[in-house]
Each structure stands twice: as structure tokens, then as C-alpha cells.
Amino acid sequence: MGGHTTRAVDVADDDAAVLLRSRAEPECFADLFERYFAGLHGYASRRLDGAGGDDVAAETFLIAFRQRDRFDPARGSVRAWLYGIATNLIRARRREEAQGYLAYARAAAHPPDEPVHEEQTTDRVAAEAARKRIVAALAGLPERDRDALLLVVWGELSHEETAAALGIPVGTVGSRLHRARRRIRAALDDVNPTGRTARHG
Amino acid sequence: MDEIDLLATARPVTPPSAETTAAARERLLDLMRAEQAATAQRHHFRMFAPMFPPVPRRRLRMPTLTDPSGSRRRLRLVGWGLVPVLAAAVAAVLALTATWTPPDDPGRDVDIADAGPRPPQELRNLLLAAAERSSADDPADGRYWVSEVESGTLMEVDRYAIMGRTRETSWHPNRSGDRAVHLQQWAGGAPASAADRAAWQRAGSPSSWPKDEACPAAGSWTAGPGTVRTVVGEPAVATYPIGGGYLTAAQIRELPTDPGRLQVWMIDSLLRGSPEMTASELSEGIFSAMINLLYQAPNTPALRAAAYRLLADLPGLRDLGPVTDPKGRAGNAVTMLTNEETAGVRQADTGGAREVRLIFDPRSGQPLAWETRMLRPADYLSWVPAGALFDYEAVLRTRWTDDVPPPTTGALTEGALESPPC
């Protein structure tokens, strides 16, 4: 992620310059599409698979282009702004999102035709079951906590960027993340009461 | 694994398909086009390669242009509804009708030597020899600069690829009262490789290919040549993209003919638009600028010599030795790897690394053609075979003349925005 490296700062500055320039020269905006579409599509389609993710990713750039006059570089990076727009769009489809998580949790741990080596079976099945519990638990998280958690873990945004994307203080991001983690951790402990999975940190 | 690691690896997704990316890009493009159309009337456009199929052209960096007063100038584009890779298309079709003063303030302290070692001595000798032989062969002045160019682009049709070619003869005015005249012709298409030919034969050897399966009104690409169409511009002195800006022929003649000073000029010009360019980006940007200067603008023998001498010291340049250009002419090629995801090179587009070849006649110093080969095609270009020739531009002839251009009755206007048929 490297959210604090000089390079990332340079990129963020350059993005902002491109965006500001696109106000007078709209065609410059195309650069931002080329830079961020694939990453943003990944984030959106993990939250809304199939056509839903495709739509959100595409619509994010349409909205961003229409609202480019409103972007304020003082309030965060272009990347954070784009992920914030996508997050708002996903929020409008939260039922579809939750259903997708539950469907994922119900699906087979691995495709029946995928060979599984005997010695790996136990760990792999256990990890897969744990992932399903966690994803199912996402469906039950309060929206605000889920947004913060998934911007960080699936969107790979820093806490600062997540704060900018959601328009909340960094400290609030921390407390939402903490709450969300506790909830999914509880879901995990349900399936793995012996505590074999290591604690983070 | 803790819960965060498990979540991070849960519900993985594959990168967006080329179709998904293209569809999203198209939606954005539609929106941009609509905005563009709303404000287009007052502005001048230039159709650069409007006959081309929806495939990207060479991606040029396009830093901001500023005029001497420091105010931003709006760039305008046309014909780009046909070219979906926005940034590339924009670079290819943009032109300014006003003039631009070369930068005179010193650039930021970036040393392009940081981009890597100089070319080996053998390559340097070759380029220096070409520089020596860039002889005086035309007056570099007149009422029009006329260029005849053949371009080719690899196009995906059905399940194979064809190389589609266009020809364009352009009359670039050198006086403010004259209009540009472009004669454009589809020059035919053919299966690109032996494998493409076999696939074409299995498909029944069709002699034309729909431009868009979903839109018959868009027409077809044909195996044979099409008719010539004429496009005429607004009265204005022609400008040419050089480095980070656009110059008139007169301004190009004033460029430094000392390779060191020419390089400083180009770096200033590039940094003026994109102040944060790294050494590697500058090296690529200068390479692009030399393509502009050698192949796409009215240069002079002294400037060509300076360009070859500059290239002889440009980090990252490699020698490919004797080659034939896309028109079968013998020449020498030098090449640079571009659009590679490496440290120091940001904003690479998602199509993957490519090699840009610059082919010239080492005996006369005459630029022949430049071409692009996809080395590691990815994303929207993943259908291109690795190593395949992707596009090219061959200079057939350039000259200065005081002749009058061909008649333009019934010609299309450059300002017209083509609306998509579907």
C-alpha cells in the first residue's frame, strides 16, 4: 500500500493536478480513468459481484467527471474521493450487497472439480469456512462500520484516505474499524472456539 | 491468519475484462463528448486519424500547455468518438490553432542521466553518422507543408486480427489566412499474421469486417481501399505537437540545433506541463518528442542532425540494427521500451509494456517510420499476440510547396463532431 511513501504523495499530487486541469481541459480526466478503473472495479466487485460491480465502477467515473468542479484537494486525494463516490453508490444497493455476501457464504468451499491435496485439506477447508463466516458477518454489520472496514481491507486505502472518502475524522475511522473487527472476530470465534487462529498484531 | 487476513483473501475477484473496461470507458467518453459538443461551436478542431478503428494509438504524454500570459488554454479534440482509449486518443487528435512560445525559464533540477546508462558506443556511432548525413534537401519554407503518411493499426475482428491501413495527405498551412486540407483514405486491411490468415480462411475468407457487430450502420472495414475523403480546417497557421506543447513551423525552425540545448529545451517544455516527471519519464518524453520532431513535423536538416545526436546520448535507447520498415524500405531501428510498470514511471496505461521503434535510413538520415510492438499485452490489449506489430506510421513523402491544395468542394469541416451511428 505504501500510503506514506514519498512516491504515493507524488502520485496523489499528480492526480490532483490532473483533476484540477480537467476542469478547463475535460479530456485530461481520461487519465484518471486509466489510472484507477481497474483498482476501483476490484473494490466495487468484491462488494457487489457481477453486473453490480461493473455498474458501480463505471458510474463512479461518470459522477466524478460531472462533479469534478467540487473536488477539494485540501480534503483528500483523488483516489480517496473516487472510492468515496463508489462507496456511496454501493450503499444505495446495500440489499443486493448483503444478499451477495450470504450467497458467497452458502456456496461450496471449493469447486467440486478442483483437486485438493489430502494434507492441505483440513487447513484449507477450515480457512475457507472461516472466510465464509466472516463474509456472512459483513452482511450484518452496520453500514458505516462495514464501509470503513472494506475501504481499508478491500479498497486498500489508508486510514487517512478512508477518513477522506467517508468525510469523517481519522479517529472515527479507527473506532469504526475496531467495532467492525470485533464483530467479525466474534463470528470467527463461533466457528473456531478453540482460538486456533492467531490474534492480529 | 487473523480475521483481517481472512477477510482480505475472501471473495477474490478477477480484474475487469477488456470488454468491461471498454464499456465503462465508452460511457465516460459519451459523457465527455456530450459536454464537448455543448461547447464545441466556437472552437477549432482537427481530425487527425478519424478513419481509424476503435483501437488506441500511441500514448503520448500531454502536459498542460500554458501561453505566455500564464493562463490555461483549452485543448479541444475531435473524432475521438472512434478512439476509445481516451488519453491516447486525446494526444493523437488534439491541436491548437494559436501559437505557443517556447519556454524560457529554467527547468527543475532533473538529470535524465538518472534514467539509466547511455546507449552503447556502436549505437551512438550509427546515430551520429545519420546526423552527419542529414543533408540540406529542401528550403524548409513555403505556403504549405505537405505530408503523405501511411498508418496501420492492428484490429481485432471476429477471433483474429487484421492490420488496417489508412493514408493521409495533409496540406498544413503556413499562413494564417489559409486552411488545412486533409485527404484521407482507408487503404485496406489484411490478416496480420500466419495464424490470423488461417483463422480468416476458416471464417470463409471474408473481404470485409463489420466495424461494430452490434451496429451495422457503422459500416465495415474492407480488404480493399476505400474512397478518398477531404477534410478542411479553419483558416489558421498549422501547429505541430513537440514535447509538451505545440509549435508553428517558424517556431520549430527556431529550436536549438545543438543537441544539449535541444534536450534542455525539451525538458523545460515537458516539465512546464508536468512538473513532477521523473528522470525515466523525461527520457521517454524526450524520445516521444524526437518522434514528433523527426516524423510528424516540418523539421530542417540541422534539426534532424540535432535529434539524432540527442538520441545518441538518451538513456534507455537500444539498437535493433538493420530492419525493413512497414513499407519494405531498408533502414536501421533504435528502440525504447515504454509504458512499463517500473519504479520512476507512473501512470503507465493498462495495455502493457510496448516497444517503440524508430526506423531511419542511416545513409541519408531520412526518417522512414515509427512502429509499436506490444511486448506484454494486458487488459484491453490482451487480445494482441505478444511481440506483434501493433501500429505504425510510415512517412511516404514530405515537401514544402507554394502550390494550391486540391479543391475542397463538398469537403467535411474539421469542426464537425461525428455523432455515433448507434
Side-chain angles (χ1 to χ4, degrees), chain A residues 7 10-11 13-15 17-18 21 23-31 33-35 37-38 41-47 49 53-55 57-62 65-66 100-101 104 127-128 130-135 138 149-150 152-154 156 181 184-185 187-188 197-201, chain B residues 1-17 19-21 23-32 35-36 39 59 62-65 71-77 80 85-91 93-94 273-278 343-344 346-351 379:
Chain A
R7 186 172 140 77
D10 286 345
V11 169
D13 286 348
D14 189 53
D15 288 342
V18 169
R21 191 174 354 138
R23 290 176 185 168
E25 299 158 21
E27 55 277 16
C28 295
F29 195 85
D31 259 336
F33 178 91
E34 300 301 342
R35 289 179 200 180
F37 179 76
H41 181 272
Y43 167 70
S45 21
R46 285 180 93 172
R47 295 191 64 174
D49 56 356
D54 292 353
D55 272 348
E59 278 166 25
T60 297
F61 286 92
L62 303 184
F65 180 73
R66 284 196 204 99
Y101 294 148
Y104 170 85
E128 213 40 52
R131 286 193 189 98
K132 287 162 68 177
R133 293 296 289 226
I134 286 176
V135 170
L138 291 177
L149 178 69
L150 295 182
V152 169
V153 181
W154 285 353
E156 300 189 351
R181 271 188 83 162
I184 61 170
R185 178 77 214 173
L188 199 56
T197 44
R199 300 270 168 184
H200 189 67
Chain B
M1 287 211 278
D2 74 353
E3 68 273 23
I4 295 296
D5 297 326
L6 285 164
L7 178 58
T9 51
R11 217 190 192 203
V13 288
T14 50
S17 68
E19 290 75 26
T20 301
T21 305
R25 191 184 278 126
E26 197 58 37
R27 288 178 66 185
L28 175 62
L29 192 138
D30 279 342
L31 179 64
M32 294 167 78
E35 186 183 296
Q36 206 76 30
T39 49
R59 181 184 168 87
M62 187 49 59
T64 313
L65 306 185
S71 66
R72 300 287 188 198
R73 175 178 293 136
R74 288 173 85 85
L75 298 181
R76 289 289 156 189
L77 54 153
W80 63 326
V85 177
L86 301 180
V90 165
V93 301
L94 283 175
S274 303
E276 294 175 1
M277 285 177 90
T278 64
R346 296 160 302 183
Q347 66 176 28
D349 84 22
T350 53
D379 190 25

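Proteins come first, then strands; the chains are lettered A, B, ... in the order of their sequence lines, and each starts at number 1.
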Original post:
With no hydrogens and no angle check, is any side-chain donor or acceptor of B:Arg25 less than 3.5 Å from a backbone partner on A:Ala30?
Top reply: no

Original post:
With sequence neighbours left out, what residues match A:Tyr101 under side chain to side chain donor-acceptor pair (under 3.5 Å)?
Top reply: A:Glu97

**OP:** Starting at CG of B:Leu28, measure out to CZ of A:Phe61 and round the result to the nearest 0.5 Å.
**Re:** 8.0 Å

Original post:
Do you know the tightest heavy-atom contact between A:Arg46 and B:Ala10?
Top reply: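 Heavy atoms only, the tightest pair is NH2-O, 2.7 Å.
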
**OP:** Enter the distance from A:Arg185:CZ to B:Leu6:CG here, rounded to the nearest 0.5 Å.
**Re:** 8.5 Å

Original post:
What heavy-atom pair brings B:Thr20 and A:Phe37 nearest, and what distance separates the two atoms?
Top reply: O-CZ, 4.3 Å

Subject >> With sequence neighbours excluded, residues passing side chain to side chain donor-acceptor pair (under 3.5 Å) with B:Arg11 >> reply: A:Asp49

Subject >> Top contributor to chain B interface from A:Leu149, A:Ile184, A:Val153 [non-hydrogen pairs under 4.5 Å] >> reply: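 Max contact count across the listed options: A:Val153.
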
**OP:** Please determine, among B:Ala24, B:Pro15, B:Pro12, B:Ala23, the option with the most heavy-atom pairs under 4.5 Å with chain A.
**Re:**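 Looking at each of B:Ala24, B:Pro15, B:Pro12, B:Ala23 in turn, B:Ala24 comes out on top.
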
Subject >> Sub-4.5 Å side-chain heavy-atom contact between A:Asp55 and B:Arg27 >> reply: yes

**OP:** Rounded to the nearest 0.5 Å, what's the gap from CZ on A:Arg181 to CD1 on B:Ile4? Could you check?
**Re:**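 Output value for this atom pair is 4.5 Å.
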
**OP:** Could you walk me through whether B:Asp30 and A:Leu62 pass side chain to side chain contact (heavy atoms under 4.5 Å, CB included), step by step?
**Re:** CA-CA 10 Å; B:Asp30 279 342; A:Leu62 303 184; over 6 Å; no

Original post:
What distance do A:Glu27 atom CD and B:Leu29 atom CG have between them, rounded to the nearest 0.5 Å?
Top reply: 11.5 Å

